[in-house]
Amino acid sequence: MHNCQMTSDQSPDPDRQLAAIRAVVSALRVGEVVTYGLVADRAGLPGRARLVGLALRTAPDSTTLPWHRVVGAGGRIVFPAGSESAEQQARLLRAEGIDVKGRRVAMPQGADLDALLWGAPGAVKMRRSQKGDRR
DNA sequence: AACTTGACTAATC
DNA sequence: CGATTAGCCAAGT
């Protein structure tokens, strides 16, 4: 059977990508909070933050997956305010020692970490130091 | 095959 | 700081 034309493996199967994303999330330790974008980056899928959401949403084992450790950019919970999901995520994070204010996780004293990684290894993409950094 | 939808993100208002 | 808009990428209709 040769006839197989190209196709090759240039484009990894979608499931493969989703699996990679879930693996990254599954590897998150207690108290470690990362953003969708960072998860995508770690999974080798830069620019596909939305794909992370899809992977978590379609995760077969969301119950055993620390999905709550994944938040939106800036440490904001992406679920609608007041929604059960948002409340549950906030509760789960608090249970791990993460302080959550409303739909946003409390970061190290007003640091402008957009990538915000609490306990995450080698992250801190930092953000330009704002202008009048007041306190 | 075109259009809509979504667990995203950044910039504006 | 919340609401809007626009850009982005893949899946579902």
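Just so it is clear, the model here is predicted, and its values are computed rather than measured. In what follows, chains are A, B, ... by sequence order, proteins preceding strands, each numbered from 1.
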**Student:** Atom pairs under 3.5 Å, N or O on each side, protein against nucleotides 9-12 of chain C: can you list them with distances?
**Tutor:**
none

**Student:** From CZ of A:R76 over to P of B:dT9, roughly how many Å is that when rounded to an integer?
**Tutor:**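 Atom CZ in A:R76 sits about 8 Å away from atom P in B:dT9.
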**Student:** Return the value, rounded to whole Å, for the distance between atom CZ of A:R103 and atom P of B:dT9.
**Tutor:**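 Those two atoms, CZ and P, are 14 Å apart.
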**Student:** Identify each donor-acceptor pair in which a side-chain atom of residues 64-75 of chain A lies under 3.5 Å from a protein atom, sequence neighbours left out, and give them as a table.
**Tutor:**
from, atom 1, to, atom 2, distance (Å)
A:T64, OG1, A:D61, O, 3.1
A:H68, NE2, A:E96, OE2, 2.7
A:R69, NE, A:E96, OE1, 3.0
A:R69, NE, A:E96, OE2, 3.0
A:R69, NH1, A:L28, O, 2.8
A:R69, NH2, A:E96, OE2, 2.7

**Student:** Nearest whole Å is fine: how far is B:dC8 C1' from A:R104 CZ?
**Tutor:** 16 Å
**Student:** Partners of A:R57 by salt bridge (charged side-chain N to carboxylate O under 4.0 Å, His left out), sequence neighbours excluded?
**Tutor:**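 If we apply the salt bridge (charged side-chain N to carboxylate O under 4.0 Å, His left out) test to A:R57, skipping adjacent residues, there are no hits.
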**Student:** Return the CG to CD distance between A:L93 and A:E32, rounded to the nearest 0.5 Å.
**Tutor:** 12.0 Å
**Student:** What residues, two or more places apart in sequence or in another chain, satisfy salt bridge (charged side-chain N to carboxylate O under 4.0 Å, His left out) together with A:E87?
**Tutor:** none
**Student:** Listed in order of residue number, which residues of residues 81-93 of chain A have a non-hydrogen atom at under 4.0 Å from DNA chain C?
**Tutor:**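 Contacts with DNA chain C under 4.0 Å: none.
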**Student:** Round to a whole Å and report the spacing from CG of A:L45 to P of B:dT9.
**Tutor:**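 Between P of B:dT9 and CG of A:L45: 14 Å.
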**Student:** Just verifying a value: how many Å separate A:I21 CD1 and A:L51 CG, rounded to the nearest 0.5 Å?
**Tutor:** 4.0 Å
**Student:** Check whether any side-chain N or O of A:S26 sits under 3.5 Å from a backbone N or O of A:A23 as a donor-acceptor pair, and report yes or no.
**Tutor:** no
**Student:** Can you list the residues that meet the salt bridge (charged side-chain N to carboxylate O under 4.0 Å, His left out) rule with A:R48, with sequence neighbours excluded?
**Tutor:**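 Salt bridge (charged side-chain N to carboxylate O under 4.0 Å, His left out) list for A:R48, sorted by chain: empty.
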**Student:** Just the rounded figure in Å: distance from P of B:dA7 to CZ of A:R22.
**Tutor:** 14 Å
**Student:** Would you indicate whether the side-chain heavy atoms of A:Q88 and A:L92 approach each other to under 4.5 Å?
**Tutor:**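 Side-chain contact under 4.5 Å: yes.
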